[in-house]
Amino acid sequence: GNIAAGKAIADIIRTTLGPRSMLKMLLDAMGGIVMTNDGNCILREIDVSHPAAKSMLELSRAQDEEVGDGTTSVIVLAGEMLAVARPFLERNMHPIIIVRAYNQALQKALEVCESMAKTVDTSKREVLLNVVRSCVGTKFVSRWGDFLCDLALQAVQQVTIDLPNGKKEIDIKRYAKVEKLPGGDLSECRVLNGVMFNKDITHSKMRRSIKNPRILLLDCPLEYKKGESDVNIEVMKDDDWDKLLALEEDFIKDMCAKIIALKPDVVITEKGLSDLAQHFLIKANISCIRRIRKTDNNRVARACGATICNRIEEALESDIGTKAGLFEIRKIVDEYFTFIEECDGAKACTILLRGASKDVLNEIERNLQDALQVARTVVSDPRLLPGGGATEMHVAVKLLEEANKIDGAGQYPYRAVGEALEVIPRTLCDNCGADTLRVITELRAMHANGQNATSGVDGTNGKIASM
């Protein structure tokens with residue numbers, strides 16, 4: 001039952017592997033349409049109650065988070081591994097023997113991969129472009145391949161920070177935000193040298209465009225503090241009431257005076273901003289933005305070199321961001337967006353995506369995320385293996401050779417792993433309508449004795465080519 005469930009999941013996904021892959025149209029839980037060939041995305045939309053099938057979904061999710069691409073291949077391989085184990089179980093071979101053989105095969109396969117891997121120079125843009133291109137080539141956006149690869153590379157290079165220990169920190173999730181705006185043309189997509197977010201200034205009299213702004217980022221409300229618990233104040237005389245109001249006013253005036261003393265041009269806060277505070281800030285010619293998301297605020301801080309202040313009393317001159325070249329509010333379609341651009345050495349960015357419809361935009365975003373992850377992975381570990389099923393075929397041949405040296409019953413499952421790996425080139429042939437049997441036999445012969453390690457299947461026309 002478990003094997004059947006795992007195989008069923010693999011069969012759903014199989015047709016989405018390779019450059020000739022087909023898109024699947026799914027109805028999601030909200031009744032919207034999802035159109036994609038990203039393995040992880042398809043499996044996310046499927047309702048599964050079978051535990052074995054559920055763990056297959058976890059596989060693709062782990063792959064998506066760790067590597068970003070190859071979610072389809074993982075599932076197809078796992079399904080095949082289960083399928084080749086079935087005959088052994090039917091012959092009453094103990095699962096522990098099968099698993100042990102699988103583990104041995106895994107260690108050997110990793111050794112073969114290590115010996116095949118070639119290191120690339122990540123400082124060369126062309127090399128990185130080729131890697132990202134191979135990721136985007138099998139996706140929906142392959143016809144705008146180079147353009148999208150450029151976006152992904154630009155974004156990754158912008159958020160890369162060199163740590164003192166020689167490693168690189170590339171946090172795409174937090175600092176490379178994708179903003180999708182329906183309308184416009186795909187060629188209008190770009191990576192901003194800075195950030196943007198969907199907010200407008202709080203008052204129409206404030207400046208909408210500032211060159212070289214001084215930006216102050218706050219994480220505290222600019223309004224009168226209410227009492228902690230329910231505070232009841234009994235007022236006996238009417239001038240006491242005026243005193244209370246004057247107290248509130250003085251409190252806010254004092255707060256604004258501390259801000260104005262730092263001479264910022266823009267104040268951005270994650271919390272509220274009262275009308276009175278707004279009035280004092282307009283007088284000082286300061287533009288304000290309120291209730292911005294925490295994540296957006298962090299990105300702005302990285303982009304313009306500011307530090308987020310939690311209390312106004314503690315704000316210092318060094319906390320103010322001065323690296324931005326332009327602060328501007330622009331209207332796109334029906335909404336106002338704040339752009340903080342032309343930053344000097346920004347370590348955060350926003351990727352602006354334009355496209356015809358929401359479905360197209362969602363798919364472009366998914367493909368872009370994959371491209372970003374691949375670019376990130378290559379920059380942090382610059383070793384590559386040949387694609388097009390070449391690696392799988394080479395490992396398969398090596399495993400079949402090794403299997404003869406193993407004693408006992410373990411050699412049969414070990415050999416089966418080698419056979420299972422051939423599923424990747426086979427599926428590539430199936431998906432582009434080639435003569436599968438002939439091509440795979442030819443490819444196997446080419447890889448025999450460890451020659452032609454880089455020969456694989458060209459997924460567009462089904463011919464054998466060097467990768």
Side-chain angles (χ1 to χ4, degrees), residues 12-13 15-47 60-61 64 68-72 132-156 172-173 176-192 194-200 293 295-296 299 329-339 341 349-375 431 459-460:
I12 297 173
I13 294 274
T15 51
T16 68
L17 185 76
R20 284 294 167 102
S21 58
M22 291 179 269
L23 291 167
K24 302 253 185 248
M25 278 177 87
L26 310 162
L27 270 176
D28 64 5
M30 308 296 290
I33 294 176
V34 179
M35 211 169 63
T36 180
N37 64 0
D38 179 4
N40 181 43
C41 185
I42 296 169
L43 294 178
R44 255 203 328 252
E45 297 299 339
I46 297 177
D47 273 340
S60 99
R61 185 168 302 140
D64 193 56
D69 196 28
T71 46
T72 309
V132 182
R133 200 177 289 139
S134 68
C135 153
V136 174
T138 61
K139 307 264 191 278
F140 169 74
V141 286
S142 54
R143 40 195 137 137
W144 302 282
D146 286 5
F147 179 60
L148 209 85
C149 298
D150 263 343
L151 289 183
L153 271 187
Q154 219 178 316
V156 166
I172 305 167
K173 204 168 179 179
K177 173 90 192 297
V178 178
E179 281 280 358
K180 302 177 296 223
L181 301 178
D185 187 32
L186 235 165
S187 55
E188 292 172 29
C189 302
R190 61 199 175 99
V191 176
L192 301 177
V195 289
M196 67 167 276
F197 44 90
N198 186 354
K199 284 272 182 252
D200 191 9
R293 285 199 200 102
T295 48
D296 284 340
R299 266 192 295 280
I329 311 274
R330 294 180 203 151
K331 188 176 183 188
I332 303 179
V333 198
D334 282 347
E335 305 202 44
Y336 289 99
F337 290 90
T338 303
F339 286 80
E341 283 191 298
C349 64
T350 301
I351 305 163
L352 190 58
L353 293 186
R354 307 298 306 269
S357 71
K358 231 172 43 210
D359 298 329
V360 170
L361 272 174
N362 285 337
E363 179 62 2
I364 294 172
E365 183 191 17
R366 276 191 290 271
N367 297 166
L368 184 67
Q369 284 298 352
D370 283 0
L372 282 170
Q373 303 261 32
V374 166
N431 283 352
T460 32

Revision key, fill the gap. Closest non-hydrogen atoms of Ile42 and Thr16, given as atom of the first, atom of the second and distance, are CD1-CG2, 3.8 Å
Review point. What is the minimum heavy-atom distance between Val156 and Ala375, and which atoms define it?
Key: CG2-CB, 3.7 Å
**Study point:** Contact check, side chains of Arg330 and Phe337, non-hydrogen atoms, under 4.5 Å
**Key:** no
Point to revise | Closest approach of Ser60 to Leu43 (non-hydrogen atoms, all atoms of both residues) | key: OG-CD1, 3.8 Å
Practice item. Walk me through it: do Leu17 and Asn431 pass the test side chain to side chain contact (heavy atoms under 4.5 Å, CB included)? Key: CA-CA 7 Å; Leu17 185 76; Asn431 283 352; 3.9 Å; yes
**Study point:** CA sep, side-chain torsions, deciding dist, call: Lys180, Lys358, side chain to side chain contact (heavy atoms under 4.5 Å, CB included)
**Key:** CA-CA 8 Å; Lys180 302 177 296 223; Lys358 231 172 43 210; over 6 Å; no
Practice item. Enter the distance from Leu372:CG to Leu153:CG here, rounded to the nearest 0.5 Å. Key: 9.0 Å
Point to revise | Residue pair Phe197 / Thr295, side-chain heavy-atom distance below 4.5 Å | key: no
Review point. Would you say Asp38 and Thr71 make side-chain contact, with heavy atoms under 4.5 Å?
Key: yes
Review point. Looking at side-chain heavy atoms only, is the closest gap between Pro182 and Leu361 below 4.5 Å?
Key: yes
**Study point:** Gap separating the CG atom of Asn198 from the CG atom of Leu181, nearest 0.5 angstrom
**Key:** 8.0 Å
Review point. Do Asp64 and Asp370 touch side chain to side chain, with heavy atoms closer than 4.5 Å?
Key: yes
Point to revise | Straight-line distance of Ile351 CD1 to Gln154 CD, nearest 0.5 Å | key: 9.0 Å
Check your understanding: Are any of the side-chain nitrogens in Glu341 or Arg190 under 4.0 Å away from the carboxylate oxygens of its partner?
Key -> yes
Point to revise | Which atom of Gly39 lies closest to which atom of Ile13, heavy atoms considered | key: O-CD1, 3.7 Å
Review point. Does any non-hydrogen side-chain atom of Arg354 lie less than 4.5 Å from one of Ile332?
Key: yes
Review point. Hey, does Cys189 have a side-chain heavy atom less than 4.5 Å from the side chain of Leu353?
Key: yes
Study note, to complete from the structure: Interatomic distance, CD@Gln373 vs CG@Leu368, rounded to 0.5 Å, equals 10.5 Å
Study note, to complete from the structure: Residues Met196 and Thr350: closest non-hydrogen pair is N-OG1, 3.1 Å
Check your understanding: So with a 6.0 Å cut-off around CD1 of Ile46, is the heavy-atom count from everything else above 12?
Key -> yes
Review point. Can you tell if the side chain of Lys24 reaches within under 4.5 Å of the side chain of Thr15, non-hydrogen atoms only?
Key: yes
Study note, to complete from the structure: Here the gap from Leu23 atom CG to Thr36 atom OG1, rounded to the nearest 0.5 Å, amounts to 7.0 Å
Practice item. State the CZ-CE distance between Arg366 and Met35, to the nearest 0.5 angstrom. Key: 9.0 Å
Review point. Just by distance, with hydrogens left out, do Asp359 and Ser357 show a side-chain donor and acceptor under 3.5 Å apart?
Key: no
Practice item. Take Leu148 and Ile364, measure what side chain to side chain contact (heavy atoms under 4.5 Å, CB included) needs, and give me the verdict at the end. Key: CA-CA 9 Å; Leu148 209 85; Ile364 294 172; 4.1 Å; yes
Exercise for review: Verify the neighbour count for atom CZ of Arg293: are there more than 12 heavy atoms of other residues, nucleotides or ligands below 6.0 Å?
Suggested key: no
